[in-house]
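Following: one structure in structure tokens, then a few remarks.
Counting begins at 1 with the first residue of the sequence.
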Amino acid sequence: MAGISSTEVTKRIYLDYNASTPLDLEVLQEMLPFFEQPYGNPSSSHWAAASLKETIEHARSRIAAAIGAKSSEVIFTSGGTEANNHALKGVYFASNQPRRHIITTTIEHPAILNPCAFLETLGAEVTYVPVDHWGRVSPADIERAIREDTILISVMHANSEVGTIQPIEEVASIAKRYGILMHTDAAQSFGKIPVNVDALGVDLLSIAGHKLYAPKGIGALYVREGTALAPFVHGAGHESGRRAGTENVPYIVGLGKAAALAAQKVGSREIRNLREALKEGLKEAFGDRVRFNGDPGNHLPNTLNVSFLGLSGQEILGRFPEIAASTGSACHSGSTTLSPVLRAMGLSDYEGLGAIRFSLGRYTTTKEVETVISLFQDRL
């Protein structure tokens, strides 16, 4: 690979697609008319709201088609966090059991862990199942955690930090055998790998628009037909009484278009090939001074988590102001702490504090990958 002098670099490079994606131009173009006309309340029947109900249902059908669901099983939310909260709290409050037990993992997003902690203050009991050194949970460990009062199992489809894909099909099969509801947070997986609710076997599935080249502030929750779920937001009877609030039509349109585009593009090897090029370039440049975190054979095609051994991720990225990426550590009051995900995987401070997550996306180029490799060679 030809080297590129750091003096040639004039543009910024975005490699933080797992944090948020740019808005796809096709998505924006489909949204724009709905910021002007029609501008009425979709619940109204007059001319200013004409066709808005049909517009919302068209977007709902696009999302349902992309995940293999029925349109009636899709609820629009304000994003992945609300979808996760609705799944956990909705199942909890809909259950009539005197004792309610939930199973999740130690590497879930805070949008799962914090609602679980909240439910614990109300009397729920939560088991946090550990993962192995690849960041993968064992279905056998999930099964061993099941109790008579278990009402829900929630395991993310793919981890945002290291990209490890979880064995959702196996876990869901276990849940079904015991008559327990199964939820998965698919915010990171939808659009990157195939996501089909029947193939996965889940009862609830969360989607976040801004991970999918749609706007921030829109998401969806899949709820399998027949699943008892209490409303998360109370008010009027929107979303068939399941989620109150006047519908955000432009953003719903955007999510529908983004889902349709994702269904067309999923499975493309272009991003995977760029990720592998970045991995090989860093391996060649740094040898045994780096280690790669996550399951090497079962990971998101766009995610590369690299530990620069003995270094600080915060300090590393400080040398590369033109590169947007994430670290495996966080700085609080002047001290650096290891990411809870990497800690749960058993990494030491020496191994994990220098972790950088590169997450590639639809607009990442070969030139950008080559530039990153060259810059890291020059400055580390």
Could you tell me which residues satisfy ring pair (Phe, Tyr, Trp, His ring centres under 6.0 Å) with Y17, sequence neighbours excluded, listed by chain and number?
->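 Listed in chain order: Y14.
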Pairs in or reaching into residues 264-294: which pass ring pair (Phe, Tyr, Trp, His ring centres under 6.0 Å), with residues at least two apart or in two chains?
->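 Residue pairs passing ring pair (Phe, Tyr, Trp, His ring centres under 6.0 Å), neighbours aside: F286-F308.
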Same cluster or not: [X] versus [Y], using hydrophobic residues (I, L, V, M, F, W, Y) connected whenever any side-chain heavy atoms lie under 4.5 Å apart?
X	Y	value
V306	L380	yes
F93	I151	yes
I218	I67	yes
I207	I112	no
V155	V223	no

Passing option when R343 is tested against T337, D349, T106 for side-chain contact (heavy atoms from CB on, under 4.5 Å) =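 The passing option is D349.
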Identify the residue among L212, I252, V74 that makes a side-chain contact (heavy atoms from CB on, under 4.5 Å) with I63.
->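 Per the side-chain contact (heavy atoms from CB on, under 4.5 Å) rule, the option paired with I63 is V74, out of L212, I252, V74.
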Residue [X] excluded, over 12 heavy atoms near [atom1] under 6.0 Å:
X	atom1	answer
D198	CG	yes
E169	CD	yes
E315	CD	no

Measuring from [X]:[atom1] to [Y]:[atom2], what's the distance to the nearest 0.5 Å?
X	Y	atom1	atom2	answer
L221	T77	CG	OG1	7.0 Å
M156	T184	CE	OG1	8.5 Å
S154	E108	OG	CD	5.5 Å
H109	T81	NE2	OG1	6.0 Å
R362	K192	CZ	NZ	10.5 Å
L375	R319	CG	CZ	13.0 Å

Just do the side-chain hydrogen bond (donor to acceptor under 3.5 Å, both in side chains) check on E54 and S51 with the steps written out, would you?
-> CA-CA 5 Å; E54 290 81 1; S51 77; 5.3 Å; no
Determine, for F190 and K211, whether the Lys NZ or Arg CZ falls below 6.0 Å from the six-membered ring centre while staying within 45 degrees of the axis.
->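 Here K211 fails the 6.0 Å and 45° test against F190.
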Before giving the answer on side-chain contact (heavy atoms from CB on, under 4.5 Å), spell out for H86 and L229 the whole-Å C-alpha distance, their side-chain angles and the decisive distance to 0.1 Å.
-> CA-CA 8 Å; H86 195 168; L229 193 74; 3.5 Å; yes
Could you check whether [X] pairs with [Y] (Lys NZ or Arg NE/NH1/NH2 to Asp/Glu carboxylate O, under 4.0 Å)?
X	Y	answer
E239	R60	yes
E368	K11	yes
E30	R62	yes

So V91 and H183, side-chain contact (heavy atoms from CB on, under 4.5 Å) or not? Walk me through it.
-> CA-CA 10 Å; V91 169; H183 167 254; over 6 Å; no
Knowing that exactly one of N18, N293, N159, T164 qualifies, which makes a side-chain hydrogen bond (donor to acceptor under 3.5 Å, both in side chains) with N305?
->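 Between N305 and the candidates, side-chain hydrogen bond (donor to acceptor under 3.5 Å, both in side chains) is satisfied uniquely by N293.
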Test of ring centre spacing under 6.0 Å for Y92 and F118 =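 For Y92 and F118, the ring centres are not under 6.0 Å apart.
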Is any side-chain heavy atom of V126 less than 4.5 Å from a side-chain heavy atom of T104?
->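 The answer is yes; the side chains approach within 4.5 Å.
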With the side chain counted from C-beta on, respond yes when R289 and L309 share a heavy-atom pair under 4.5 Å apart, and no when they do not.
->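 Counting from C-beta outward, R289 and L309 never come under 4.5 Å.
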Starting from the C-alpha separation in whole Å, work towards a yes-or-no answer on side-chain contact (heavy atoms from CB on, under 4.5 Å) for H157 and L200.
-> CA-CA 9 Å; H157 194 191; L200 292 173; 3.8 Å; yes
Non-neighbouring partners of E73 that pass salt bridge (charged side-chain N to carboxylate O under 4.0 Å, His left out), sequence neighbours left out =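 E73 satisfies salt bridge (charged side-chain N to carboxylate O under 4.0 Å, His left out) with no residue once adjacent residues are dropped.
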Under the side-chain contact (heavy atoms from CB on, under 4.5 Å) criterion, do D141 and V131 qualify, and how do the steps go?
-> CA-CA 9 Å; D141 288 346; V131 296; over 6 Å; no
Might you work through the side-chain hydrogen bond (donor to acceptor under 3.5 Å, both in side chains) test for D185 and S206, ending with a clear yes or no?
-> CA-CA 5 Å; D185 178 355; S206 302; 5.1 Å; no
